[in-house]
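This report refers to the structure that appears directly beneath it.
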Amino acid sequence: MNHYPKQPPAKKFKPASPSDQQKRKAAMQCGPSRLSVEEQRRSLPIYQARPHIIGQLRQLDCAVIIGETGSGKTTQIPQYLYEACIGRQGVIAVTQPRRVAAISLATRVSEERKAELSKLVGYTVRFEDATSEETKIKFLTDGMLLREAIGDPLLRMYSVVILDEAHERTIHTDVLFGVVKSAQKKRKEQGKQPLKIIIMSATMDVDMFSRYFNSAPVLYLEGRQHPIQIFYTKESQSDYLQAALVTVFQVHQEVPASHDILVFLTGQEEIEAMTKTCRDISKHLPDSCPQMVVMPLYASLPHFQQLRVFHNAPKGHRKVILSTNIAETSITIPGIKYVVDTGMVKAKKYNPESGLEVLAVQRVSKAQAWQRTGRAGREDSGICYRLYTEDEFENFDEMTVPEIQRCNLASVVLQLLVLKVPDILTFDFMSKPSPDSMQAAVKQLDLLGAVERKENQIVLTPLGKKMAAFPLEPKFSKTILLSPKYHCTEEILTIVSLLSVDSVLHNPPAKRDDVQTARKKFISSEGDHITLLNIYRAFKNLGKNKEWCRENFINGRNMAMVSDVRSQLRDICLKMSMPLESSRTDTQNIRQCLAHGLFMHAAELQPDGTYTTVDTHQLVAIHPSSILFHCKPACIVYNELLHTSKCYMRDLSVVDADWLFEAAPEYFRQKLKTTKK
DNA sequence: GAGCACTGC
């Protein structure tokens with residue numbers, strides 16, 4: 001291992017030394033199962049650096065560790081710390097952006113320690129806590145550590161916090177940067193047990209991490225990345241889909257069938273269309289050509305279909321996987337030899353002025369392109385075709401804009417306030433969100449009654465404090481807290497749960513008529529919220545039947561998630577001693593409650609048949625997925641706006657204009673004034 | 001008149 005105090009290493013891909021490779025080969029030949037756990041750990045590239053890592057981490061308060069994929073940093077470093085008695089007085093926390101990663105890492109490390117999971121090594125994710133009093137190494141999602149910080153901003157039970165996958169810059173990791181930095185400083189000032197902070201990243205762009213954590217030293221680890229050959233197009237491609245198609249079939253006709261291809265595209269529709277085209281073309285190829293097995297891959301694809309990408313294609317067949325960026329980080333497919341990168345991604349942008357989220361196809365960043373390329377070299381050397389010129393690549397943004405600069409910040413600001421951050425507008429973010437975004441979030445919280453000004457400081461109201469207890473967007477927490485007034489808390493809990501997980505409605509385009517027929521019996525003319533409520537009630541009454549889900553095109557997994565979320569929210573209500581009433585058959589008061597909670601998201605029918613939002617007079621349309629798509633109610637509230645080809649409102653309810661006015665008289669009085677001007 | 005990248009509490 002090299003030690004770089006300031007400048008990051010120059011090379012993107014560093015080949016492992018020959019002796020390493022020999023050792024690894026030997027290990028592979030023996031087969032992992034025949035090596036003892038200890039031997040396996042020693043065969044990892046990181047092992048040679050163990051004494052140096054321990055020596056460094058023992059004396060440092062903050063450190064940044066860069067390790068390529070396969071370096072073993074995430075499983076080994078927590079154990080090295082534990083073995084060297086660093087941080088034994090408390091718990092070593094390791095955060096992950098994803099649940100599955102936290103769980104599988106904890107399982108792996110507890111196996112290496114020959115300890116039962118949840119004893120020495122455990123994990124905590126939403127709905128699942130596999131830890132105990134004995135737990136000394138704890139894997140958890142970044143969101144979970146942030147939740148814990150609300151209970152204790154100094155994170156006193158932890159002696160070390162390792163923020164892993166920091167390069168992904170999730171909104172939770174970004175807030176945690178500030179939270180752990182402040183906790184470390186305060187603990188030092190108060191003479192408490194020190195907090196050690198370790199930032200782990202897979203990319204070289206670590207200057208910013210180091211600078212933010214008081215010029216923390218950077219330790220560089222070698223990985224197991226195999227060399228990857230990169231090809232750019234000679235000319236700029238105007239049609240990336242056509243270019244991808246041509247590239248796939250060129251490779252297909254030239255290389256052995258055992259070499260699988262992974263293509264990065266932007267979305268479901270595009271992937272389904274390309275899947276069909278590939279299948280059609282491959283039928284008409286000469287017999288000398290291998291067979292092609294084409295597999296789509298995207299998040300809303302049913303689980304069992306996602307799992308197909310892990311199965312080997314039959315002998316003489318080539319696997320071609322057409323994927324969204326889900327294959328960039330979340331799903332690792334073994335055996336990929338060729339990557340085709342269109343250089344495009346569908347991603348959300350946020351405009352704080354209009355409060356509008358725009359979902360658009362755009363260029364990837366350089367970091368993202370490297371991540372995609374890396375997917376070709378996980379088991380052996382690979383090849384990556386970039387469907388753009390090298391000049392174009394040079395003009396890509398270096399990094400993907402961190403999530404915190406692309407989101408509505410209402411939840412983040414609420415969280416910072418409950419953490420008692422002295423002045424949220426000057427909070428020490430690594431990458432500051434725009435002042436507009438912060439102001440917009442404060443304004444939104446103010447309208448919800450969550451904040452007030454006291455001596456020129458923004459502070460939480462008692463209502464705001466209650467809102468922060470829910471793992472929800474503030475507008476949903478508010479709606480739940482309003483529900484006792486309308487005697488419909490049970491129903492609102494159901495609706496909010498349905499709205500805060502992925503859609504429970506499964507819409508296979510090929511079976512559109514069947515879907516419509518099946519769904520008819522649940523439809524309420526009052527809108528999507530009541531319709532969803534009807535579906536949930538039917539699901540519960542029929543004992544959560546799998547067969548029923550299939551017949552009615554309901555995603556059972558997401559439905560189960562709704563149940564979990566609902567019981568979590570219900571528990572929080574009970575802890576607050578909220579009365580839990582059901583409105584039974586009365587749906588008007590449910591819509592009144594929704595109108596009151598979502599008054600900022602209201603739209604009115606105009607004389608010309610279009611809709612404009614009450615808030616900013618933005619031209620909007622009813623999303624085609626809505627029950628109300630063919631209807632024209634005068635006044636509606638919606639869950640969210642999403643700008644794709646048009647500005648669409650999703651998840652609507654019909655409401656009375658009067659209800660909105662009663663919910664926020666002052667707000668609507670001002671709106672009327674500004675309209676008249 | 002016609003559509004939805006990916007996570008997470």
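Letters A, B, ... mirror the listed sequences (proteins, then strands); counts begin at 1.
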For this session: Assign A/Tyr298 to base, sugar-phosphate, or nothing according to its heavy-atom contacts below 4.0 angstrom with the strands shown.
Result: sugar-phosphate
Exercise. NA contact type, A/Ser645, heavy-atom cut-off 4.0 Å: base, sugar-phosphate, or nothing?
Worked result: sugar-phosphate
Exercise. Salt bridge between A/Lys138 and A/Glu148, side-chain N to carboxylate O under 4.0 Å?
Worked result: yes
Problem set entry | Toward the 5' end of DNA chain B, by each residue's nearest nucleotide, A/Thr324 or A/Pro624 | A/Pro624
Exercise. Measuring from A/Leu241:CG to A/Thr342:OG1, what's the distance to the nearest 0.5 Å?
Worked result: 8.0 Å
Exercise. Just checking A/Ser625: base, sugar-phosphate only, or nothing, at a heavy-atom cut-off of under 4.0 Å?
Worked result: base
Exercise. When we call it a touch if two heavy atoms are under 4.0 Å apart, what does A/Arg126 touch: a base, just sugar-phosphate, or nothing?
Worked result: base
For this session: Kindly say whether the aromatic ring centers of A/Phe177 and A/Phe209 come within a distance under 6.0 Å.
Result: yes
Exercise. Checking all strands, does A/Leu359 fall into the base, sugar-phosphate, or nothing category for heavy-atom contacts under 4.0 angstrom?
Worked result: base
Problem set entry | Where chain A begins and ends its contact with DNA chain B, read 5' to 3' at 4.0 Å from heavy atoms | B/dG1 to B/dC9
For this session: Apply side-chain hydrogen bond (donor to acceptor under 3.5 Å, both in side chains) to A/Ser626 and list each qualifying residue two or more places apart in sequence or on a separate chain.
Result: A/Asp528
For this session: Please indicate whether A/Lys432 has more than 12 foreign heavy atoms, meaning atoms of other residues, nucleotides or ligands, lying under 6.0 Å from its NZ.
Result: yes
For this session: Under the side-chain hydrogen bond (donor to acceptor under 3.5 Å, both in side chains) rule, collect the residues that match up with A/Ser653, sequence neighbours excluded.
Result: A/His529
